Amino acid sequence: MEFKTDFAEVLYGALNGQLEKKKLIQMIEKPKFENMGDLAFPCFELAKVLRKSPQIIATDLATKIKTPLFEKVEPVGGYVNVFLNKPIVSQQVIQKVLSEKENFADLKIGNGQVMTIDFSSPNIAKPFSMGHLRSTVIGNALALIAEKSGYRPIRINHLGDWGTQFGKLIVAYKKWGNEDTVRKQPIKELLKLYVQFHEEAENDPTLENEARAWFKKLEDADAEAIELWEWFREESLKEFAKIYELMGIEFDSYHGEAFYNDKMDRVVEMLEDKKLLEESDGAQVVPLENLPPCLIKKSDGTTLYATRDLAAAIYRQETYHFTKSLYVVGNEQTLHFKQVFSVLEKMGFEWQKGMSHVPFGMMLKDGKKMSTRKGKVVLLEEVLNEAIALALEDIKKKNPNLASKEEVARQVGTGAVIFHDLKNFRQNDIEFSLEDMLRFEGETGPYVQYTHARAASLLRKGDFQESDNPVSIPDQEAWSIITALIAFPDAIKRAIEEYDPSQIAKYVIELSRAFNKYYASVRILDDSELKQDRLTLVYTVKLTLKEGLRLLGLQAPEEM
RNA sequence: GUCCCGAUAGCUCAGCAGGAUAGAGCAACAGUUUCCUAAACUGUAGGUCGGAGGUUCGAAUCCUCUUCGGGACGCCA
């Protein structure tokens, strides 16, 4: 399977060790076009050392390369192009997928180490908006990819269940709220109150002071404040649970910000002991080099976001002993995490080197940030339900005899929404478009799911049974499927190294495309001696697609 | 003002440990089903890779400057 390495070995011999094997592996690339072979070695760099033209070097090298693994070696314009021996390579790959099944492409780079992943982290008493979708699906995929790569992921939902916003909410509830209406539709009603607070506060600034006072009461454990807070929190969690269930996402910890309330004094003490704290305009800060100072305590003595994140980081290290610790949080908080990591470094914690902020772009509406304060939010649950309804419609039209229509619609609908978010590089901003999100054709989740269902259908109809006979490439047209299968481990490697789930999304698209082309050009269930081999190939595609989808947090229905 | 992201086809984006003719999807147009799910496949059309310099045998990819868009920059998170 490591054909690059094999090629490098051969080159190393042919070059009498003039370049290191590692360097050679690095230089080997994939030719731009399929008719140029499967691997290519550019000779331009060697031209300087050898004082010969790249063309001559390539021609020369080509004659020296002889291995049964390559069926053709061709010097073209300064490149040595290599064509893999299709029968041999295919047999190896198919054999590997067949024997490893869903463990195909498992990596060991994580080495069993713990990786905490802080993601989703919605704010209590606010609706689960499209904005939170990004953190949720990216974090979930990263956890799955980390596991595939040999890490032990710990999924942490760092709930936004503390802060001045609760002061605002309590004020709003006491002034304009009503218990019954909140009980009926907690999130909608609380959002309404939150929005109303900001509207009224524009004309009446004293409201802000009231809100701060109520938050102070909350921090001082005032009974009424606590009671309301607990109620809001509980209702919100119920609401979030529905969404997580819909998307099939689970967490190891729901410790939110409030959990760290009693752990912050210790952090402040540690900072004092290390003489890192300074007073500035009545507030306590840690001055940093090349960064603005990090605020630890407000002038009224209450804590801040950064303080809680410091406490959380220390708690996580002490509890989980992580080697890596990720924060899947939006772009706009980059500075904050730089500050927090920097403070931890000043505190002398070596383990902070394993911490990374995994930023992502914003979900925009009309080119602008969506604002909860102004009530300009799109609710995730509504979008998911709409996607599911649309999927159900399609199923009724296209596959009316399908038994579990509702369940498959759920898988396909949520799949479309999740995939739409994951297929592009995280850091890009996304303009919210319901139309794009509910598209089931082209480069979409449903396209990949459909491809998987097609493969499953073939296996059913062809009554496929695994056998121990070696299987090789059944048709020339299948070669791009083989090369796609070979590429799966690389996709996972890149995804984990760059914390980039879109690598997997792009990969499953590529494999699906290769398979659909094959499907269109070769009749798989034809009665021929090739049928068993073809079905075996279909089976390897099905396994790999399913695993790829799983890593993104999508399910792969057998029929749709 | 300082710092961080981004700019590639009409739209959404790949490509960016430099390499051979810049690729997909959507939209448009033209096709494919007596045949394994047409949520598919085939073809046509569409690009001064924001602009200007530089490094290099070679730049969409690296460096500098610049324009435009977004974000962050102390008592929100």
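The shown structure was predicted, so the numbers you read here are calculated from the model rather than taken from an experiment. Residue numbers begin at 1 in each chain, while the letters A, B, ... track the order of the sequences.
Look at A:Lys72 and A:Glu74 and you find a salt bridge, because one of the NZ, NE, NH1 or NH2 atoms lies within 4.0 Å of a carboxylate O, short of that distance. Salt-bridge annotation for A:Arg410 and A:Glu407: present, with a side-chain N of the basic residue lying under 4.0 Å from a carboxylate O of the acidic one.
Contact annotation: A:Arg439 does not reach the phosphate of B:U12 (side-chain N/O to OP1 or OP2, under 4.0 Å). Applying the 4.0 Å criterion to OP1 and OP2 of B:C36, one finds that A:Ser457 has every side-chain N and O outside that range.
Between A:Tyr194 and A:His198, the ring planes are perpendicular. Angles over 60° get that label, and only those under 30° would be called parallel. By the 30° and 60° cut-offs, the orientation of the rings of A:Tyr539 relative to A:Phe464 is tilted.
By the salt bridge (charged side-chain N to carboxylate O under 4.0 Å, His left out) test, A:Lys517 pairs with no residue at all, sequence neighbours left out. A:Arg426 meets the salt bridge (charged side-chain N to carboxylate O under 4.0 Å, His left out) test with no other residue; sequence neighbours excluded. Remark: A:Glu210 engages A:Lys175 in a salt bridge (charged side-chain N to carboxylate O under 4.0 Å, His left out) (not counting sequence neighbours). Residues meeting the side-chain contact (heavy atoms from CB on, under 4.5 Å) test with A:Ala312, sequence neighbours left out: A:His158, A:Tyr260, A:Arg316. Evaluation of the salt bridge (charged side-chain N to carboxylate O under 4.0 Å, His left out) rule for A:Glu406 yields no partner, not counting sequence neighbours.
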Protein-nucleotides 60-64 of chain B N/O pairs closer than 3.5 Å?
none

Would you tabulate the pairs of protein nitrogen or oxygen atoms and nucleotide nitrogen or oxygen atoms of nucleotides 4-11 of chain B closer than 3.5 angstrom?
none

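Counting only residues at least two apart or on different chains, the side-chain hydrogen bond (donor to acceptor under 3.5 Å, both in side chains) pairs with a member in residues 523-535 of chain A are A:Asp475-A:Arg534.
Comparing the same atom, P, in B:C11 and in B:C49 gives a spacing of 16 Å after rounding to whole Å. B:C5 sits 46 Å from B:A30 when the P atoms are compared, rounded to a whole Å. Nucleotides B:U61 and B:A7 place their P atoms 11 Å apart, quoted to the nearest Å.
None of A:Ile418, A:Asp421, A:Leu552 except one satisfies the side chain to side chain contact (heavy atoms under 4.5 Å, CB included) rule with A:Pro501; the exception is A:Leu552.
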Secondary structure of RNA chain B in dot-bracket form (Watson-Crick or G-U wobble, distances below 3.5 Å, | marking inter-strand pairs):
(((((((..((((.....[...)))).(((((.......))))).....(((((..]....))))))))))))....
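Within residues 515-532 of chain A, the residues that have a heavy atom under 4.0 Å from RNA chain B are, in order of number, A:Asn516, A:Lys517, A:Tyr519, A:Ala520, A:Val522, A:Arg523, A:Ile524, A:Leu525. The stretch residues 395-415 of chain A touches RNA chain B through A:Ile395, A:Lys398, A:Val412, each having a heavy atom under 4.0 angstrom from the strand.
Contact annotation: side chain of A:Thr444 to base of B:G25, donor-acceptor pair absent below 3.5 Å.
Residues A:Tyr327 and A:Asp309 have side chains that never bring a donor and an acceptor to within less than 3.5 angstrom of each other.
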Using atom types as modelled, flag every donor-acceptor pair under 3.5 Å from a side chain in residues 281-289 of chain A to any protein atom, sequence neighbours excluded.
residue, atom, partner, partner atom, Å
A:Glu289, OE1, A:Lys346, NZ, 3.2
A:Glu289, OE2, A:Lys346, NZ, 2.9

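Atoms CH2 (A:Trp162) and C1' (B:C76) sit 16 Å apart, rounded to a whole Å.
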